[in-house]
Amino acid sequence: MAEIKLTIDGKPCTARPGQTILEAAKASGIYIPALCHYEGLKPSGSCRICTVKVNGRPAAACTQPVAEGLVVETATPELEDMRRALVEMLFVEGNHFCPSCEKSGNCELQALAYRFGMLVPRFPYQWSVREIESVSPRLLMEHNRCIQCRRCVEAIRTPDGRRVFAAQERSGRLRIGVDPELAAGLDEDTARKAMAICPVGAILYKEVGFAVPIGRRKYDRSPIGSDIETK
Amino acid sequence: MSKPVIATASLAGCFGCHMSLLDIDDRILKLIELVEFHKSPIDDIKTFTKPCDIGLIEGGCCNHENVEVLRSFRKHCKTLVAVGECAVMGGLPALRNGIPIKDCLEEAYLRTPTTEGNTVIPNDEELPVILDKVYPCHEIVKVDAFLPGCPPSADLIWEALTALLEGRPLKLTYDLIKYD
Ligand code: SF4
Ligand code: SF4
Ligand code: FES
């Protein structure tokens with residue numbers, strides 16, 4: 001198959017046809033911060049954290065396919081500040097009490113904020129009123145922490161392919177709803193997968209919180225993306 | 001030359017951040033060399049009698065007394081630092097922010113598992129008036145620096161204090177920024 005040539009922040013990269021910019025960057029050891037996208041799932045392009053400039057125009061790296069000769073910029077002060085602003089918005093939009101969150105240390109939103117050096121969001125806190133819901137014998141939904149990435153909607157299915165999670169309402173009222181009957185029928189592995197696939201602490205497998213001690217969690221020592229950059 | 005002066009206060013916090021300040025180990029001896037403590041629970045000085053260089057605030061504002069203390073810190077301190085999650089974003093006390101204040105008070109004073117007999121919601125003019133929500137410090141006054149963490153590590157507090165005293169920007173390595 002013909003190789004596609006492009007540059008990312010001036011570095012010549014090669015990619016295969018059909019790859020996204022995010023995938024091509026990763027293969028070249030360049031980390032483009034991403035949040036809603038989960039490797040192996042169809043990208044929804046909803047969070048815009050992965051925004052890069054392609055030939056001078058903003059595009060989501062997780063959905064944008066590579067093409068011959070593209071000039072991609074990612075680690076520019078402008079794009080980095082925009083990503084940080086998006087992360088800060090997510091922190092003030094929901095209610096993120098990291099000290100009491102089961103996902104703390106393993107949370108991708110928090111890890112991005114650490115990587116970006118966020119000390120305090122620049123926006124005022126919204127104190128949205130959202131609930132905590134027991135959705136099945138195995139699972140809790142902590143809506144205060146949901147960033148509506150829709151990974152769960154895409155990834156969690158019953159054996160016959162039906163969706164268990166679904167986006168309800170629109171815009172500011174959008175929330176992720178759960179079909180209680182389908183959720184109750186989930187086997188243990190799928191329920192655990194639901195917690196693992198959620199980037200934040202919104203889907204929780206009951207009775208296993210805080211299993212890994214502080215200092216040994218995923219992002220305690222090394223920033224998100226550093227595994228890509230050291231390759 | 002006189003030493004730089006530090007004041008500290010705990011508003012709607014648990015004193016954990018003050019504990020973390022004391023957790024700088026033997027660097028505390030150096031700190032005592034470097035600075036003078038003024039109004040602070042550490043030395044029990046209760047009122048401002050002079051301007052201070054650095055004010056360290058633990059906790060957000062949950063009642064009107066917190067607001068008054070915070071405003072007087074802003075007035076007296078050249079640099080005001082929000083120390084810890086509660087000061088930075090309200091922290092665990094702000095878990096009540098989505099709950100109507102009436103429900104909170106009734107839950108705390110009338111409906112706890114340990115309340116017996118005729119209990120009342122305390123309402124005395126001596127008591128600070130509780131606010132509708134718990135507010136992060138920077139939503140009440142201007143704050144110059146933020147140290148997140150619950151509590152911020154002793155190393156982060158030390159780095160911030162030495163940076164402020166030396167007049168240099170903070171060196172925030174990856175291990176210093178944590179929100180838990
Ligand atoms: S989901 Fe992540 S950012 Fe939100 S409270 Fe939990 S650890 Fe913090
Ligand atoms: S529950 Fe988790 S996986 Fe589902 S949309 Fe919310 S943040 Fe994403
Ligand atoms: S990761 Fe690309 S839009 Fe969210």
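Predicted model only: the values in this text are computed from it and were never measured. Labels below follow one simple rule: chain letters A, B, ... track the order of the sequence lines, proteins then strands, and each chain is numbered from 1.
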Look at atom [atom1] of [X] and say whether more than 12 heavy atoms of other residues, nucleotides or ligands are closer to it than 6.0 Å.
{"X": "B:Tyr109", "atom1": "OH", "answer": "no"}
{"X": "B:Asp132", "atom1": "CG", "answer": "yes"}
{"X": "B:Arg111", "atom1": "CZ", "answer": "yes"}
{"X": "A:Arg122", "atom1": "CZ", "answer": "yes"}
{"X": "B:Asn118", "atom1": "CG", "answer": "no"}
{"X": "A:Glu39", "atom1": "CD", "answer": "no"}
{"X": "B:Glu116", "atom1": "CD", "answer": "no"}

Applying a strict 4.5 Å limit to non-hydrogen atoms, the region of A:Arg115 in contact with chain B is backbone

Is it the side chain or the backbone of A:Ser222 that comes within 4.5 Å of chain B heavy atoms, both, or neither?
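The answer is the backbone of A:Ser222.
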
Check step by step if side-chain contact (heavy atoms from CB on, under 4.5 Å) holds for B:Tyr135 and A:Trp127.
CA-CA 10 Å; B:Tyr135 291 86; A:Trp127 308 119; 5.7 Å; no

Most chain B-contacting option - heavy-atom pairs closer than 4.5 Å, from A:Pro121, A:Ala113, A:Cys101
A:Ala113

Which residues in residues 136-153 of chain A have any heavy atom lying under 4.5 Å from a heavy atom of chain B?
none

Which of residues 198-219 of chain A have a heavy atom under 4.5 Å from any heavy atom of chain B?
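Answer by number: A:Arg217, A:Tyr219.
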
Please evaluate residues A:Val120 and B:His138 with respect to the criterion side-chain contact (heavy atoms from CB on, under 4.5 Å), reporting the C-alpha separation (whole Å), side-chain torsions for both, the decisive distance (0.1 Å), and the verdict.
CA-CA 10 Å; A:Val120 62; B:His138 67 279; 3.5 Å; yes

Taking side chain as everything from C-beta outward and backbone as N, CA, C, O, which of these in B:Ile177 sits under 4.5 Å from a heavy atom of chain A? Side chain, backbone, both or neither.
both

Go through the steps for A:Tyr125 and B:Glu139 under the test side-chain contact (heavy atoms from CB on, under 4.5 Å), then give the verdict.
CA-CA 9 Å; A:Tyr125 288 96; B:Glu139 293 189 6; 3.5 Å; yes

Mind checking what makes side-chain contact (heavy atoms from CB on, under 4.5 Å) contact with B:Ala82, not counting sequence neighbours?
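side-chain contact (heavy atoms from CB on, under 4.5 Å) list for B:Ala82, sorted by chain: B:Ala87, B:Val88, B:Val143, B:Phe146.
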
Can you name the side-chain contact (heavy atoms from CB on, under 4.5 Å) partners of B:Lys178, sequence neighbours left out?
A:Tyr114, A:Asp220, B:Tyr174, B:Asp180

Say you draw a straight line from [atom1] of [X] to [atom2] of [Y]; how long is it, rounded to the nearest 0.5 Å?
{"X": "A:Ser100", "Y": "B:Glu85", "atom1": "OG", "atom2": "CD", "result": "10.0 Å"}
{"X": "A:Leu119", "Y": "B:Tyr179", "atom1": "CG", "atom2": "OH", "result": "7.0 Å"}
{"X": "B:Leu95", "Y": "A:Phe97", "atom1": "CG", "atom2": "CZ", "result": "4.5 Å"}

Exercise: identify the closest heavy-atom pair between A:His96 and B:Met89:
O-CE, 3.4 Å

Do you know which of B:Pro136, B:Gly149, B:Ala94 has the most heavy-atom pairs with chain A at a distance under 4.5 angstrom?
B:Ala94

